[in-house]
Every structure is written in C-alpha cells, then in structure tokens.
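The structure appears below as structure tokens.
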2 protein chains.
Amino acid sequence: MAAGWQDIHDEALRRIQMREWCPGTLIPNETALAEEFGCARATVNRALQALADAGWLERRRKAGTRVALSPQRRAQMAIPLIRQEIERSGQSFSHSIIERSVTRMPPHLCAALSLNAPAEALHVRTLYMADARAFAFEDRWVNLAAVPSISDAALNDISPNEWLVQNAPFAHGTLDYSAVAASQDEARHLGCPTGTPLMVLERRTFGPDTAVTFMRLAHAPGHHLRLNI
Amino acid sequence: MAAGWQDIHDEALRRIQMREWCPGTLIPNETALAEEFGCARATVNRALQALADAGWLERRRKAGTRVALSPQRRAQMAIPLIRQEIERSGQSFSHSIIERSVTRMPPHLCAALSLNAPAEALHVRTLYMADARAFAFEDRWVNLAAVPSISDAALNDISPNEWLVQNAPFAHGTLDYSAVAASQDEARHLGCPTGTPLMVLERRTFGPDTAVTFMRLAHAPGHHLRLNI
DNA sequence: TAGTGGTCTAGACCACGGC
DNA sequence: CCGTGGTCTAGACCACTAG
C-alpha cells in the first residue's frame, strides 16, 4: 500500500521505466489506481499530473492516460544572474561599463522586439569579470519607454543585469544560444583571438505591455551550458 | 471573486509583477487568501505551489510564503528527437551510419560515465540530414552491458537516437552545450571549413542502475538553441 | 452520450521549524 | 509551543471528447 502521492508517483515511474507500462499503451484510469493503491482518486491524480508535467504521460479526458510514445524529457535550466554563476564557482565578480549612451534603437532591434515606432533606448556595453579574467561581454539595449527609471541608475555599482532583474518586472521572453566566431571587438574585450568560437546568448525580454530589453551576451571561450534531465 | 486555481495563480502573479507584493516580503497565508478569494484553502495551495515551482515564491512551513528575492526564472526546454526537430521545420529527415563497431570504451569516457571497469561498447558515428544538407554529426558510445539488444538493431532503418529513446529506459542524464571549433572530421561531414564555430551537445544518459550512453553531437553551423521563459 | 480527467470543497491530520 | 504549509479524504460537479 502506498502512503503519499510521491509513492504512487515513484511506483508509476518505475512501471514506465521497467516497461511494465509500455510506450503508447493505456494505463488504468484514476479510479482503478486509487483502488489498487488504497487511496483517494485525488491522490492518484496528483501523482499522474506530476508525471504528465514531466513528459512521461499523456492525458486526455475520455481518452485516458497513455505512456508517452517518445518519453520526451524536458530539461530545466535555472537562469542564473551572472554574479551568482561566478560566485558559486568560488570566484569574485566584478563588472565595468565600457559604454553608456542614450540613442534611438536601431531598426533591426525594433523589429526583433516587435516595436512599431522607433524607440529611445539606453545602450550599455558591459564587461563581466570572474576574478581577473573576462567572463562575458554584454551589449544591451533597454527600451526607455518601458523602464524610464534606468536613466538614473548607478550602473557602475550594480550591473545592468542585476538592476533590471530587481527593477523591471517582466512577463516573458526568449533565450537564444548559438555558436559564433568572436568579432574583433568581442575578441579584444574577452582576450581571445578573433574568430574563436563563443557561446552567444541573445535574450529578448517583454513586460506586460511592451518590450523591455534586447541583450547579446558573448561568453568567454570555454563556457558551457549544463542542463539536467 | 476568482473561480479556479488558475485565476488565483494569475492574480498572484500580477501582484508580484506589479510590485504589489515586493521581493522578499511575506504574503498573506493560505487561509487569509482563501477568504479573500472566496474559495477553499486547497485551491489557494494549488495556485501558490505552481508559483513556487516556477520560482516566483519561496514557501516554508511556519515561516510562510515570500516573494523570491531574485525571481530566478527557470527555462524549460523540450528535448526533441532530431527527426522531429527537422520534420517540424518542414524538411525531410534522413540519416546514414558512417561507422559502427564494437570495442572497449576509452578510459576517459568510462570516467565520464562513472564506470569502474572497462566496458564493451557499441561505437556508432552517424550523420543526420535535413533534406540534402547535413544537420548534425553524432559520435555515440553505448554501454552494451546496459543495452545488449542494440547489437541486433537495424540502425540503418531507425536512427540510434530514436532506437535508444524507444528501447532504453532511462532515469536521468546531463546535457552540456558548448561552442567548439569544427575538427577536420566534423568539418568534412558537415561540409564547412575546419575551425567553424559549432554548437556541440554532449549528453550522458544513465539508466536505473548504470550508464547507458555517451553522445557528442556536433550541429551544422548556424544552429540555434531556443528557450522560452 | 457516456467515460475520463480536471477541479473544487470542507474538513482533517501531520511535519516542519520559528519562537 | 503552535502557526504554517503539505497532504489526504470522500464526495461532488464540470469539461472535454471518443465512439
């Protein structure tokens, strides 16, 4: 007899992994499982929902619950602040503002951020350091209409990254990683030869109403993106 | 008045994003919120648990529920089969086995997979194609002790990728993306100059008891990894 | 239309952990 | 200690959808 929903979850997962329940097949319905495990249907429901969230099961009303054909796992990645990422590895974090200006946002960025009209933006270029080594080079555009108060922010004291996390509520956004050859500019700041393969992260962030920021972050050579499944 | 837990979830999220509930502060307890929203405590609980899972809230018994200090978002990424990734973009998928052999796994891979003893392994190198273009080049080692039946698999008909997903139950693993200069070998198969920046995915997969496979997948130039938050 | 999962309720007990 | 979230229950109604 199982006690909690976790136990039922684990037992169901075992049956999936051990092929007692095969991919594509129907499993008993909630009422039947509740009887088998000697618990309420809601408890079974909770366990099976967790498995569905994790991608092991596919559930449809009336059709019942099936083991996913391709147990397509979902990897979860925590998006760390750069500061945390560096300090967690035991190094000291610092940053320096390379450039800061207020200009009109270039058209291709307006398009990328779905902005109809040309927008005034804060343009900041920042170098992030781990101990004495360059960690990443950031090129960021902040829509001043969405976050006017950043004009007065002391970005030398707190990095643009952190300032926005703490001051700009946001609803959603996209991350886009790719492998790119270092430009002359990036190479100079990161201290590597031009053309070195770099992990580049482009990030768009949108607030409840409008676009907040576009960022391109070029990581120093050797950067890894790790995920668990 | 809110009706379902989704409504309560959305309203709470709104209050967090609008700074009505500020980072680090305590929010009302479940009983109070249940009264405010005119519903049962369990309904509030469900909504707040979802927010905690997403990283917006931190909950502790007795201490109550706080808005997370750094609303560290977690990005979820579906790990697609290569076939699906290609076919979803409207291209046709194919693959060809470049090399297939049974050998002893190299020591550094044994170490990477936490295998104590030297293991017999199936070594497969595969080129994945989207229409007529190379999509990715895979170098894979499968632990025969964990998946003996792959010896008889017709990997020319079904890709190693898919065969394993369908036949090798697994419990967990790691993904590791990095930007790497194309080796001569990779460049030849992917049809690009040596040294071109490539997105390389290294994947370790572990079954309930032991390591299943190590894979290195070099994507063709221009590959992007997209995530939503 | 009938069977299935999705959700809500009111109440209960438990486990954790500040105080 | 005792307030908080975590969970279970028994029952109910609803929403979706396959047949």
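Computed from a prediction, not measured in an experiment: that's the story for all the values here.
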Check your understanding: Quick check: are there more than 12 heavy atoms from other residues, nucleotides or ligands sitting under 6.0 Å from CZ of A:Arg14?
Key ->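 Yes, the 6.0 Å shell around CZ holds more than 12 heavy atoms from other groups.
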Revision key, fill the gap. Taken in chain and number order and not counting sequence neighbours, the residues that satisfy ring pair (Phe, Tyr, Trp, His ring centres under 6.0 Å) with A:His9 are none
Revision key, fill the gap. A:Phe214 meets the ring pair (Phe, Tyr, Trp, His ring centres under 6.0 Å) criterion, sequence neighbours left out, with none
Does the side chain of [X] get closer than 4.0 angstrom to OP1 or OP2 of [N] through an N or O atom?
{"X": "B:Thr65", "N": "D:dG5", "answer": "yes"}
{"X": "A:Arg46", "N": "D:dC8", "answer": "no"}
{"X": "A:Asn29", "N": "C:dT4", "answer": "yes"}
{"X": "A:Gln6", "N": "D:dT7", "answer": "no"}

Qualifying residues under salt bridge (charged side-chain N to carboxylate O under 4.0 Å, His left out), relative to [X], sequence neighbours excluded:
{"X": "B:Arg140", "result": "B:Glu138"}
{"X": "A:Asp176", "result": "B:Arg226"}
{"X": "A:Glu58", "result": "none"}
{"X": "B:Arg59", "result": "B:Glu30"}

Review point. Hey, does B:Thr31 reach any base, or is it just sugar-phosphate, or nothing, if we go heavy atoms under 4.0 Å?
Key: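 The answer is nothing, as B:Thr31 stays clear of every strand by at least 4.0 Å.
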Practice item. With sequence neighbours excluded, give me every side chain to side chain donor-acceptor pair (under 3.5 Å) pair touching residues 148-164 of chain B. Key: B:Arg83-B:Glu162
Study note, to complete from the structure: Scoring nucleotides 9-19 of chain C by protein non-hydrogen atoms under 4.0 Å (B base, S sugar-phosphate only, - none) yields B--B--BBBB-
**Study point:** Watson-Crick and G-U pairing of DNA chain D, under 3.5 Å, as dot-bracket with | and [ ]
**Key:** ||||||||||||||||||.
